[in-house]
Amino acid sequence: MNDAFRLCAIAMTGALCSLLLKKTNPNISIVCAVVSAALLIISVLGSIGDILSGIKSISADLNINGAYILLAMKIMGISLVFDITGGILERMGEGALSKNLMTAGRVVLMSMTLPTLFSLIELVGGLLEVVR
């Protein structure tokens, strides 16, 4: 609970700082927003180890292939990177570039998931063959 309040305080302080500086010095305003975003990311990095150990434990208990878990974690991480970068670009007034980046991110994520999708289709096809 304290982490949630701390993260909200960082975000609100960064937003207030950025808002106050927006009219007088827009460049520093953007830097303030980027630094706040970086502080938020750094603040949650410690939790990633706990999340990974929990996921590894569950996947071991359920006998799930670790490659699928690793792929899911990579996809989540990459989507966060694209989302954060797109938000920063949007804040800098580069809306078109932000939208193009988000589209490129979706293409990257789709290309990462295609092998798993093909494996799933083969599995379903094999199950359908058994049923016939």
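Because the structure is a prediction, the values reported are computed rather than measured.
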Task: CG-CD1 distance between Leu128 and Ile121, expressed to the nearest 0.5 angstrom - done: 11.5 Å

Open item on the list: Suppose the criterion is side chain to side chain donor-acceptor pair (under 3.5 Å): which pairs have a residue in residues 108-131, not counting sequence neighbours?
Closed with: none

- [ ] Group every Ile, Leu, Val, Met, Phe, Trp and Tyr by side-chain heavy-atom contacts under 4.5 Å, then state whether Val35 and Val44 land in the same group.
- [x] yes

TODO: Look at the side-chain heavy atoms of Ile, Leu, Val, Met, Phe, Trp and Tyr, link any pair under 4.5 Å apart, and say whether Ile84 and Val108 land in one connected group.
DONE: no

Open item on the list: Is the shortest side-chain heavy-atom distance between Met73 and Met76 below 4.5 Å?
Closed with: yes

Task: Closest heavy-atom pair and its distance - Gly14, Ser36 - done: CA-OG, 2.9 Å

Open item on the list: Is it the case that atom CE in Met12 sees more than 12 heavy atoms from other parts of the structure closer than 6.0 Å?
Closed with: no

Task: Which residues share a side chain to side chain contact (heavy atoms under 4.5 Å, CB included) with Ser43, sequence neighbours left out - done: Arg6, Leu7, Ile10

Task: Linked, directly or transitively: Val34 and Leu21 (ILVMFWY side chains, under 4.5 Å) - done: no

Task: Euclidean distance, Ile69 CD1 relative to Ile58 CD1, rounded to 0.5 Å - done: 8.5 Å

Open item on the list: Considering only residues two or more places apart or on different chains, which pairs with a residue in residues 79-90 satisfy salt bridge (Lys or Arg N to Asp or Glu O under 4.0 Å)?
Closed with: none

Task: Smallest separation among heavy atoms of Ser98 and Gly86, with atom names - done: OG-O, 2.8 Å

Open item on the list: I'd like to know if Ile30 and Leu39 are part of one continuous hydrophobic network [Ile/Leu/Val/Met/Phe/Trp/Tyr, side-chain heavy atoms within less than 4.5 Å].
Closed with: no

- [ ] Identify the two heavy atoms, one from Ile78 and one from Met112, that lie closest to each other, and give their separation to 0.1 Å.
- [x] CD1-SD, 3.4 Å

- [ ] Give a yes or no answer on whether the side chain of Ser59 reaches the backbone of Lys56 with a donor-acceptor pair at less than 3.5 Å.
- [x] yes

TODO: Mind checking the OG1-CG spacing from Thr85 to Leu89? Nearest 0.5 Å is all I need.
DONE: 7.0 Å

- [ ] Would you check if the side chain of Thr13 reaches a backbone N or O of Ala9 as a donor-acceptor pair within less than 3.5 Å?
- [x] yes

TODO: List the steps, then state whether side chain to side chain contact (heavy atoms under 4.5 Å, CB included) holds for Leu114 with Leu117.
DONE: CA-CA 5 Å; Leu114 280 178; Leu117 179 63; 4.2 Å; yes

Open item on the list: Is there a path of hydrophobic side-chain contacts, each under 4.5 Å between heavy atoms, that joins Leu45 and Ile51?
Closed with: yes

Open item on the list: Under a 3.5 Å distance rule, please check whether Ser29 uses its side chain to pair with a backbone N or O of Asn25 as donor and acceptor.
Closed with: no

Task: For the student: nearest non-hydrogen atoms of Leu20 and Thr24, plus distance - done: O-OG1, 4.1 Å

Task: Gap separating the SG atom of Cys17 from the NZ atom of Lys22, nearest 0.5 angstrom - done: 13.0 Å

